[in-house]
Amino acid sequence: MELDNQANPAHKIHHVVTCCSWLKFTFLAMLFCVLVSPAAAYDPLDPTGNITIKWDVMSWTPDGYVAAVTMNNFQMYRQIANPGWTLGWSWAKKEVIWTMVGAQTTEQGDCSKFKGNTPHCCKKTPTVVDLLPGVPYNQQFSNCCKGGVMASWGQDPSASVSAFQVSVGQGGTSNKTVKLPKNFTLLGPGPGYTCGPAKVVPSTVFLTPDRRRKTQALMTWNVTCTYSQFLASKNPSCCVSFSSFYNDTVVPCPSCACGCRNKKDCIKGDSKLLKKAGINTPRKDNAPLLQCTHHMCPIRVHWHVKQNYKDYWRVKMAITNFNYRLNYTEWTLVAQHPNLNNITQVFSFDYKPLVAYQSINDTASVLLIVFSIF
Ligand SMILES: *[C@@H]1O[C@H](CO)[C@@H](O)[C@H](O)[C@H]1NC(C)=O
Ligand SMILES: *[C@@H]1O[C@H](CO)[C@@H](O)[C@H](O)[C@H]1NC(C)=O
Ligand SMILES: *[C@@H]1O[C@H](CO)[C@@H](O)[C@H](O)[C@H]1NC(C)=O
Ligand SMILES: *[C@@H]1O[C@H](CO)[C@@H](O)[C@H](O)[C@H]1NC(C)=O
Ligand SMILES: *[C@@H]1O[C@H](CO)[C@@H](O)[C@H](O)[C@H]1NC(C)=O
Ligand SMILES: *[C@@H]1O[C@H](CO)[C@@H](O)[C@H](O)[C@H]1NC(C)=O
Ligand SMILES: *[C@@H]1O[C@H](CO)[C@@H](O)[C@H](O)[C@H]1NC(C)=O
């Protein structure tokens, strides 16, 4: 399911949240777009969220090794959307990549020193991207070839993995001589992630497909990358507007809620530019192409109080997309409100509570995560 594109208002997406206890009208301040979260790598709504990149050395070769590289998205609500991840690192020595299965480097680099058999990549700092779906079977690797898209852990753990195989040459050929790659970078898509150093961890144990035998990687190292909204963008990427059955006034998103620096590049809803080919193509740097609005946010969440009885209240939320470059498939929305610990019904969508964390405990608020149907 896709978010409502402003260009196509017939497909506005609504869902209704019903909650048990009577709603006090002080909640507006309590509801916020998750992307307005603090400017630190630490996310109080998902304190343990990270992306882990694991290298399992499966065999030593005459001049290096073959490793299975697995990326796990352990973030509860942040997925890696189209156009997917881009992973980079620096080789510690003169390593080259002989072959890669299930992914590819974006550039081969200068392999002129090699006669006959040429490596897949000779760059000191290779940049790796996932293959697109539908590649021939012999170029696939388990959990590969999804165009770099990864679901969030809270959404679908089985789809939150991405993996490829790399054969490294001119590297160490034993666990004593191998040098771990350095300076990992991850775009997911666009900036926001910071990766720590690779650390040797206990070797991964694998079960054979018939589950009757265990095998073990010859050596394993992990890299952990964490997300910071501040690194991704100094501005939030959504805003909240508000209305209710008891008052005709709609409280709109604040002006320039997501910053107005891009205002000169925004597109009017009726512009002829929208017919231009490629205008809807997402970019690797994740830069949006916004419809002109007073708030200049890619996403607006509207919170409308429909009913408010002694026993329960009911809210309709409408989410509107103003970014022509993204369809936001498989999106998630996180809402925080003191009463959401006793949701009785959510229509049209899946939801899941996020645990209430220490830092926000004092407000007694509980979080809700809302998923699209897919
Ligand atoms: C290494 O990463 C894997 C996932 O990629 C994770 O399951 C494992 O716990 C990590 N090991 C350590 C020691 O962090
Ligand atoms: C990694 O990054 C640091 C700091 O940017 C730099 O000093 C170092 O040379 C880099 N290492 C490699 C192997 O590129
Ligand atoms: C390296 O391999 C040897 C055996 O091949 C093993 O005893 C040793 O613990 C390994 N060291 C590391 C750091 O994995
Ligand atoms: C409706 O809301 C507006 C804005 O919050 C407020 O100024 C106005 O007094 C409200 N009207 C009624 C009838 O409550
Ligand atoms: C978004 O959806 C529209 C209509 O379904 C499609 O034409 C467009 O190519 C899609 N854009 C992206 C970036 O997927
Ligand atoms: C949740 O609501 C039900 C009634 O719908 C009520 O019986 C229960 O006590 C409430 N629980 C909390 C924790 O408020
Ligand atoms: C947070 O709330 C829980 C349950 O209400 C409580 O057990 C815990 O002690 C609280 N933690 C802090 C740091 O206040």
Side-chain angles (χ1 to χ4, degrees), residues 50-72 80 83-132 135 139 141 144-145 147-148 150 162-201 217-228 231-232 283-286:
N50 67 47
I51 293 186
T52 307
I53 305 158
K54 180 168 66 98
W55 290 52
D56 288 308
V57 175
M58 306 310 287
S59 60
W60 301 111
T61 59
D63 74 334
Y65 58 91
V66 176
V69 181
T70 310
M71 301 165 68
N72 273 284
I80 300 243
W85 53 261
T86 303
L87 180 66
W89 63 83
S90 291
W91 290 119
K93 286 173 32 194
K94 301 231 171 295
E95 289 90 337
V96 294
I97 299 173
W98 279 118
T99 57
M100 207 168 232
V101 185
Q104 63 186 3
T105 61
T106 56
E107 286 176 74
Q108 185 179 29
D110 179 6
C111 293
S112 58
K113 278 204 226 97
F114 292 84
K115 307 251 156 17
N117 216 356
T118 9
H120 175 78
C121 177
C122 301
K123 284 184 79 83
K124 171 89 176 166
T125 54
T127 301
V128 178
V129 292
D130 196 6
L131 299 179
L132 297 175
V135 298
Q139 291 170 33
F141 192 67
C144 85
C145 314
M150 292 164 90
S162 211
F164 59 89
Q165 189 190 63
V166 61
S167 306
V168 179
Q170 302 190 12
T173 54
S174 77
N175 68 6
K176 301 224 162 45
T177 54
V178 72
K179 290 275 182 290
L180 310 191
K182 294 191 186 332
N183 293 356
F184 277 85
T185 55
L186 177 66
L187 298 178
Y193 288 96
T194 312
C195 300
K199 286 204 182 97
V200 175
V201 298
L218 301 174
M219 185 178 183
T220 300
W221 58 82
N222 269 13
V223 177
T224 302
C225 305
T226 53
Y227 187 84
S228 151
L231 278 180
R283 295 198 344 191
K284 272 285 181 193
D285 67 1
N286 219 22

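Excluded from the calculations below are hydrogen atoms, water molecules and symmetry mates; all remaining heavy atoms, backbone and side chain alike, are included.
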Exercise for the section: Before giving the answer on disulfide (SG to SG under 2.5 Å), spell out for C122 and C111 the whole-Å C-alpha distance, their side-chain angles and the decisive distance to 0.1 Å. Expected result: CA-CA 6 Å; C122 301; C111 293; 2.0 Å; yes
Practice task
Decide side chain to side chain contact (heavy atoms under 4.5 Å, CB included) for L131 and F164; before the verdict, give the C-alpha distance in whole Å, the side-chain angles of both, and the deciding distance to 0.1 Å.
Solution key: CA-CA 9 Å; L131 299 179; F164 59 89; over 6 Å; no
Exercise for the section: Start with the C-alpha distance between I53 and V69, add both sets of side-chain angles, then the distance that settles side chain to side chain contact (heavy atoms under 4.5 Å, CB included), and finish with yes or no. Expected result: CA-CA 7 Å; I53 305 158; V69 181; 3.8 Å; yes
Exercise for the section: Output, in order, the C-alpha distance, side-chain angles, deciding distance and verdict of side chain to side chain contact (heavy atoms under 4.5 Å, CB included) for Q104 and H120. Expected result: CA-CA 8 Å; Q104 63 186 3; H120 175 78; 4.0 Å; yes
Handout entry: Trace of the side chain to side chain contact (heavy atoms under 4.5 Å, CB included) decision for V200 with M219
Key = CA-CA 8 Å; V200 175; M219 185 178 183; 3.8 Å; yes
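With hydrogens and angles ignored, the 3.5 Å screen pairs no side-chain donor or acceptor of T105 with any backbone N or O of Q108. For D56 (side chain) and T220 (main-chain N/O), no donor-acceptor pair under 3.5 Å exists by modelled atom type. In this structure, the side chain of K124 engages the main chain of W91 through a donor-acceptor pair within 3.5 Å. D130 contributes a side-chain N or O that, together with a main-chain N or O of C145, makes up a donor-acceptor pair within less than 3.5 Å.
For the pair A198 and P181, the tightest heavy-atom approach, listed with the atom from each and the gap, is CB-O, 3.9 Å. Contact between A232 and Y227 at its shortest, heavy atoms only, is CB-OH, 3.0 Å. When all heavy atoms are compared, the tightest approach of E107 to C121 is O-SG, 3.4 Å. Nearest heavy-atom pair, V101 versus F141, reported as atom, atom and distance to 0.1 Å: O-CB, 3.8 Å. Of all heavy-atom pairs spanning A68 and M58, the tightest one is N-CG, 4.0 Å. For the residue pair C144 and A163, the shortest heavy atom distance occurs at CB-O, 3.3 Å.
Every residue meeting the side-chain contact (heavy atoms from CB on, under 4.5 Å) condition with C195, not counting sequence neighbours, appears here in chain and number order: F184, L186, V223, C225.
Taking NZ of K182 as the reference point, atom NZ of K93 lies at 10.0 Å (rounded to 0.5 Å). Put simply, OH on Y193 and OG1 on T86 are 12.0 Å apart, with the number rounded to the nearest 0.5 Å. One distance of note links CH2 of W89 with CG of N183; it measures 13.0 Å at 0.5 Å rounding. With rounding to the nearest 0.5 Å, the separation of CD in Q165 from OG1 in T99 is 6.5 Å. Expressed to the nearest 0.5 Å, how far CG of N222 lies from OG1 of T70 amounts to 9.5 Å. Taking OG from S167 and OH from Y65, the interatomic distance works out to 10.0 Å, rounded to the nearest 0.5 Å.
Side-chain contact between I97 and P119 is absent, with no heavy-atom pair separated by less than 4.5 Å. Here the side chains of T194 and L231 are in contact, with some heavy-atom distance below 4.5 Å. When side chains are defined from C-beta on, I51 counts as touching I80, because their heavy atoms get closer than 4.5 Å. W85 is listed as a side-chain neighbour of V128, based on a closest heavy-atom distance under 4.5 Å. Residues V66 and W98 are not in side-chain contact: their nearest non-hydrogen atoms beyond the backbone lie 4.5 Å or more apart.
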